[in-house]
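Starting from 1, each residue takes its place in the sequence as its number. Whatever order the structure lists them in is the order used to number ligands and atoms, beginning at 1.
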Amino acid sequence: MAGFRPLGRALIAAMLASLAACARAPHPAPPRAESCLAALRAAGLGVEPWDAPTAGACRVEAPVRLARTRLALSRPLETSCALASAWLRYEEELGRLARRVTGRELVAIEHAGSHACRPMTGNAGRASLHARALALDVVAFRLSDGSRIAVEEHWRDRGPAGRFLRAAAELACRHFAMVLTPDSDRWHRDHFHFDLGPFSRCDA
Ligand SMILES: [Zn+2]
């Protein structure tokens with residue numbers, strides 16, 4: 001038995017050495033942000049940097065600025081890479097949905113911004129997902145024939161505009177954790193709110 005003792009001590013010493021090495025090694029940056037940015041650039045979108053806060057309650061992880069997506073945007077979208085990626089996946093299906101329901105191409109999105117350093121609407125005690133650019137407010141959609149489908153005007157419309165909006169909200173529930181609509185509360189009577197959680201809710 002005595003013969004095993006030096007081996008035991010050597011093993012313990014090796015383990016301690018490797019633990020010490022672990023403790024000294026700097027924590028590697030999470031690969032998520034970098035791979036998200038790489039995927040956006042690979043999609044051929046004009047991704048520009050954006051001078052977002054990097055610390056505090058309104059910090060944005062992997063901030064990106066898109067002058068347009070595959071669609072025209074009413075104004076550049078300054079958001080997080082995570083939100084932009086979810087939006088792009090959604091947008092692709094949304095184009096097909098618009099074609100099917102309205103017979104027109106979806107060409108532009110009117111949005112009311114992603115990043116806003118403020119508390120949650122209707123709940124001042126909690127930070128909004130907009131504070132971290134993990135949310136997006138969408139006001140209206142424009143089609144190839146020049147028509148405009150607006151959440152405020154058409155949510156309860158019985159024609160194709162209303163059908164498109166309700167189906168667009170339903171589709172959004174597959175891409176975002178939370179989807180708020182005019183059915184949610186009075187703060188959302190004129191726009192859709194999409195966010196990436198942690199809470200989930202689908203008011204389609
Ligand atoms: Zn919102």
Side-chain angles (χ1 to χ4, degrees), residues 36 40 45 47 50-54 56-95 97-98 106 108-142 148-157 161-162 164-204:
C36 179
L40 271 201
L45 298 161
V47 182
W50 163 50
D51 195 16
T54 53
C58 297
R59 69 188 178 280
V60 178
E61 195 180 336
V64 295
R65 183 178 189 275
L66 298 171
R68 56 168 297 130
T69 57
R70 293 178 200 89
L71 305 172
L73 299 174
S74 52
R75 58 184 165 112
L77 175 60
E78 292 180 337
T79 189
S80 60
C81 191
L83 192 286
S85 303
W87 171 265
L88 290 167
R89 286 191 295 270
Y90 171 60
E91 185 187 87
E92 212 174 316
E93 292 188 45
L94 195 61
L97 179 72
L106 180 61
I109 300 293
E110 286 177 32
H111 72 91
S114 171
H115 189 245
C117 201
R118 60 166 169 77
M120 191 184 287
T121 317
N123 184 352
R126 216 153 63 188
S128 162
L129 270 282
H130 284 287
R132 307 282 308 277
L134 294 171
L136 177 65
D137 291 338
V138 175
V139 173
F141 303 85
R142 285 188 184 273
R148 177 176 183 267
I149 301 181
V151 174
E152 184 166 32
E153 273 171 65
H154 298 107
W155 178 246
R156 291 178 225 289
D157 175 86
F164 168 72
L165 282 181
R166 292 186 293 274
E170 214 177 298
L171 179 64
C173 294
R174 300 217 294 268
H175 294 269
F176 300 93
M178 173 125 28
V179 173
L180 303 177
T181 68
D183 285 351
S184 306
D185 54 43
R186 63 195 168 92
W187 291 288
H188 298 89
R189 71 185 182 286
D190 60 357
H191 68 275
F192 288 158
H193 166 99
F194 303 147
D195 77 46
L196 297 177
F199 305 106
S200 58
R201 178 169 160 181
C202 174
D203 284 348

Of Glu93, Arg89, Glu92, the one forming a side-chain hydrogen bond (donor to acceptor under 3.5 Å, both in side chains) with His175 is Glu93

Looking at Ser114 and Ala135, would you say the former's side chain and the latter's main chain have a donor-acceptor pair under 3.5 Å?
yes

Does any N, O or S atom in [X] come within less than 2.8 Å of the Zn ion (ligand 1)?
{"X": "His191", "value": "no"}
{"X": "Asp195", "value": "no"}
{"X": "His130", "value": "yes"}

field: Ring center gap for Trp187 and His193 short of 6.0 angstrom
entry: no

Checklist entry - Would you say the side chain of Asp183 lies within less than 4.5 Å of the side chain of Arg156, judging by non-hydrogen atoms? => result yes

Aromatic rings Trp87 and Tyr90: how do their planes relate, parallel, tilted or perpendicular, breaks at 30° and 60°? perpendicular

To the Zn ion (ligand 1), the closest N, O or S atom belonging to Asp137 is OD1

To the Zn ion (ligand 1), the closest N, O or S atom belonging to His193 is ND1

